[in-house]
Amino acid sequence: MRCRKLRMTVTNSFNRTSKERDAVVSAGPMLAADGTPLKKSLARALRVQKMRALLLIAPLLVFVLISFIAPIVDMLFRSVENQIVSDILPETVMALETWDGSGDQPPAEMAFEALYLDLFFATEKKLHTRLGSRLNYEITGAASLFRKTGRRIGRFGTDVLTSQIVAQSPELANVAAWQELMGDTETRSALPLTARTWDRWTEYLIQEGDDVATTPLEDIHFAALYFDLRDGVFATNARLPALDITNYETVRFRDEFASADDGWLDVEFWRTVQTYSPRYTPGYFLNAVDLKKDYDGIQPRPESQQIYVTLFGRTLSMSLVITLACLLLGYPVSWLLANLPARTANLLLILVLLPFWTSLLVRTSAWKVMLQQQGVVNDTLVWLGFVDDASRLIMMNNQTGTIIAMTHILLPFMILPLYSVMKTIPPSYVRAAKSLGATNWTAFWRVYFPQSVPGIGAGSILVFILAIGYYITPEIVGGTSGIFISNRIAYHISSSLNWGLAAALGTILLVAVLVLYWVYDRVVGIDNVKLGG
């Protein structure tokens with residue numbers, strides 16, 4: 001009886017709750033205090049919180065984008081960018097599209113005519129030396145070729161074409177006539193080369209702040225007009241039918257360039273221009289691994305020029321040696337710091353941090369003084385009798401000097417992560433192991449060392465990444481056999497100005513670091529790396 005009454009009470013309560021719920025649903029969604037639906041109000045509040053959080057980190061995000069992401073993106077772009085050839089030599093690039101460079105002869109006369117137009121503008125804009133420097137990375141002598149010819153391009157015999165055209169149509173000697181001529185759409189379409197040359201000329205004058213209407217005409221306008229008329233294009237403009245170029249005295253531009261420098265007749269130069277005419281090229285990356293791209297495809301560079309693969313291998317191997325040396329020297333020091341009394345440990349920690357208060361250049365220069373054959377180290381070894389005076393050790397301008405100096409400089413970056421991790425290891429663990437019968441070595445290897453592995457990982461990654469990017473120390477104490485790939489990157493940025501190759505070398509170095517980081521994560525696990533705590 002009581003059970004039946006209890007079931008009836010529960011059933012009535014459930015039915016009443018269901019009815020109340022149905023009444024709420026039928027009455028509409030729940031509303032916030034301002035009358036908006038509660039779900040919509042909560043979503044808006046979450047958006048406001050996210051926006052506030054974004055505004056808080058916005059300055060840091062902008063700083064990271066500007067100082068870190070943007071330079072990396074620019075480096076990646078520069079490593080494949082090759083727009084200088086097509087931008088400075090547009091007509092020449094078009095003329096070489098149909099040239100078959102498999103023979104032993106330079107291209108036809110049309111390519112030299114296009115080169116004349118392009119080189120004229122390049123010389124006026126002072127860009128011919130930049131173009132020569134770019135092509136000089138691929139073929140020796142290109143820089144001097146452009147520089148020498150740029151001084152003579154204005155003395156080419158193109159004035160004979162100008163005089164003959166003006167003699168037949170005197171009004172073409174006026175700039176106003178050319179402005180009217182190039183303002184006619186039909187004439188521009190009928191004289192494409194002349195129109196492109198005129199546009200390049202007016203654009204250059206506007207950039208220089210000159211007035212097109214008052215600037216004297218140049219021979220290139222008449223040369224371009226002659227090329228169009230010779231190739232069989234005729235405009236409907238009333239001034240042009242009077243031009244009959246059948247019996248004109250012509251100019252052989254191949255001979256003009258050859259008289260300036262016979263290097264223009266070298267088929268290898270023209271092959272190089274054709275090969276590197278695309279706006280993007282893998283050439284910098286090929287150079288970075290001692291290869292080159294020529295007309296026959298990808299080829300290894302001459303043995304005397306193969307240095308970058310060796311430098312990459314040397315950089316990685318020596319960085320590993322430096323990391324290992326820092327670990328062997330830093331581990332016992334870190335152990336002492338973590339286990340000595342606080343007062344003594346603090347004094348020792350000050351000595352570890354002391355090198356940070358001295359300039360990197362000063363520390364490196366000090367090692368140069370100490371390691372030379374007449375330096376402090378050799379004098380001490382001779383005084384102790386370990387080395388004969390006639391057989392002093394050579395520890396400068398080689399890999400030995402680089403390893404010693406960089407180990408000293410990077411040692412604190414290994415000690416500090418190790419110390420921060422070791423400080424968190426309770427000493428009671430080792431005492432407990434000994435109390436259970438373990439020897440000192442067993443207690444260390446089985447109990448203490450595994451707990452210090454995260455500090456080893458953090459210090460090793462930090463030291464290794466810093467080591468592969470150093471260039472001041474190897475430059476001062478490394479000589480020719482102790483420099484890193486970063487030294488060549490710095491050289492190409494500051495001295496040779498081959499930024500494309502420097503960017504390619506930097507990109508390869510970045511990829512190598514990321515690959516090693518990935519391997520380390522798979523083998524050790526990046527989650528096991530910590531700086532203490």
Side-chain angles (χ1 to χ4, degrees), residues 84-85 87-95 106-107 109-136 141-167 169-170 172-175 177-179 182 191 193-230 245 248-266 269-270 273:
I84 185 172
V85 178
D87 287 346
I88 298 180
L89 303 178
E91 301 294 341
T92 307
V93 170
M94 290 176 57
E109 178 71 12
M110 183 182 298
F112 288 92
E113 295 172 353
L115 180 62
Y116 163 72
L117 300 177
D118 289 333
L119 193 55
F120 176 86
F121 287 108
T123 304
E124 290 292 323
K125 298 179 181 180
K126 306 296 189 296
L127 296 177
H128 62 296
T129 53
R130 287 180 52 192
L131 177 62
S133 299
R134 168 65 187 96
L135 294 177
N136 201 73
S144 61
L145 191 65
F146 278 93
R147 186 169 54 251
K148 182 178 179 180
T149 308
R151 294 193 295 264
R152 300 191 55 177
I153 193 72
R155 298 197 296 270
F156 280 15
T158 52
D159 55 336
V160 65
L161 299 176
T162 303
S163 60
Q164 293 175 100
I165 292 176
V166 172
S169 184
L172 289 180
N174 300 319
V175 178
W178 280 87
Q179 289 179 312
M182 293 293 100
L191 301 173
L193 181 58
T194 307
R196 293 196 300 269
T197 303
W198 177 260
D199 292 341
R200 294 173 70 181
W201 171 250
T202 54
E203 180 184 359
Y204 164 69
L205 293 180
I206 293 173
Q207 291 177 351
E208 293 294 315
D210 297 332
D211 186 4
V212 178
T214 60
T215 303
L217 294 169
E218 296 285 350
D219 291 338
I220 55 166
H221 303 301
F222 299 93
L225 177 59
Y226 170 78
F227 297 152
D228 277 335
L229 297 176
R230 180 202 59 193
I245 64 171
Y248 269 25
E249 180 183 352
T250 60
V251 179
R252 185 168 174 80
F253 286 89
R254 173 173 174 163
D255 296 339
E256 294 286 348
F257 278 99
S259 63
D261 194 307
D262 56 5
W264 294 106
L265 302 182
D266 184 6
F269 168 80
W270 290 96
V273 174

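Residue numbers start at 1 and run along the sequence shown.
Side chains of Met110 and Phe227 form no contact here, defined as non-hydrogen atoms less than 4.5 Å apart. Side chains of Thr162 and Thr158 form no contact here, defined as non-hydrogen atoms less than 4.5 Å apart. Put simply, the side chain of Leu89 does not reach to within 4.5 Å of the side chain of Leu119, judged on heavy atoms. Side-chain contact between Thr197 and Phe121: present, with at least one pair of heavy atoms (C-beta onward) separated by less than 4.5 Å. Side-chain contact between Asp211 and Leu205: absent, with no pair of heavy atoms (C-beta onward) separated by less than 4.5 Å. Side-chain atoms of Met182 and Asp199, non-hydrogen and from C-beta on, never get closer than 4.5 Å to each other.
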Begin with the C-alpha distance, continue with both residues' side-chain angles, and end with the deciding distance and a verdict on side chain to side chain donor-acceptor pair (under 3.5 Å) for Thr215 and Asp210.
-> CA-CA 7 Å; Thr215 303; Asp210 297 332; 5.1 Å; no
Determine, stepwise, if the pair Leu115 / Phe257 fulfils side chain to side chain contact (heavy atoms under 4.5 Å, CB included).
-> CA-CA 9 Å; Leu115 180 62; Phe257 278 99; 3.7 Å; yes
CA sep, side-chain torsions, deciding dist, call: Leu117, Leu193, side chain to side chain contact (heavy atoms under 4.5 Å, CB included) | CA-CA 10 Å; Leu117 300 177; Leu193 181 58; 3.8 Å; yes
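A 6.0 Å sphere centred on CZ of Arg254 holds more than 12 heavy atoms belonging to other residues, nucleotides or ligands.
Taking every heavy atom of both residues into account, Ile153 and Thr123 meet most closely at CG2-OG1, 3.9 Å. Taking all atoms of both residues into account, the shortest heavy-atom contact from His128 to Arg147 is CD2-CA, 4.1 Å. The heavy-atom pair separating Glu249 from Leu161 by the smallest distance is O-CD2, 3.6 Å. What you find for Pro107 and Phe112 is that their closest heavy atoms are O-CE1, 3.5 Å. Minimum heavy-atom separation, Phe222 to Ile165: O-CD1, 3.4 Å. In this structure, Ala142 and Phe269 approach most closely via the heavy-atom pair CB-CE1, 4.4 Å.
Note: Tyr116 and Phe253 have tilted aromatic rings, judged against thresholds of 30 and 60 degrees for the angle between ring planes. Relative orientation of the Trp178 and His221 rings is tilted, given thresholds of 30° and 60° on the angle between their planes. In this structure, Trp264 and Phe146 have perpendicular ring planes: the angle between them is above 60°, well past the 30° mark. In this pair, Tyr226 and Tyr248 present their aromatic rings parallel. The plane angle is below 30°, not in the 30 to 60° band.
In this model, no donor atom of one side chain and acceptor atom of the other lie less than 3.5 Å apart for Thr149 and Asp261. Looking at Asp118 and Thr92, their side chains do bring a donor and an acceptor atom within 3.5 Å of each other.
Remark: Arg155 CZ to Ser259 OG distance equals 9.5 Å, nearest 0.5 Å. Of the inter-residue distances, the one linking Glu203 atom CD with Lys125 atom NZ reads 5.5 Å to the nearest 0.5 angstrom. Remark: Thr194 OG1 to Leu229 CG distance equals 7.0 Å, nearest 0.5 Å. A distance of 10.0 Å separates CD in Gln164 from CG in Asp159, rounded to the nearest 0.5 Å. The line from OG1 of Thr202 to CD of Gln207 is 10.0 Å long, rounded to the nearest 0.5 Å.
A salt bridge is absent between Glu124 and Arg200: the closest approach of a Lys/Arg side-chain nitrogen to an acidic carboxylate oxygen does not fall below 4.0 angstrom.
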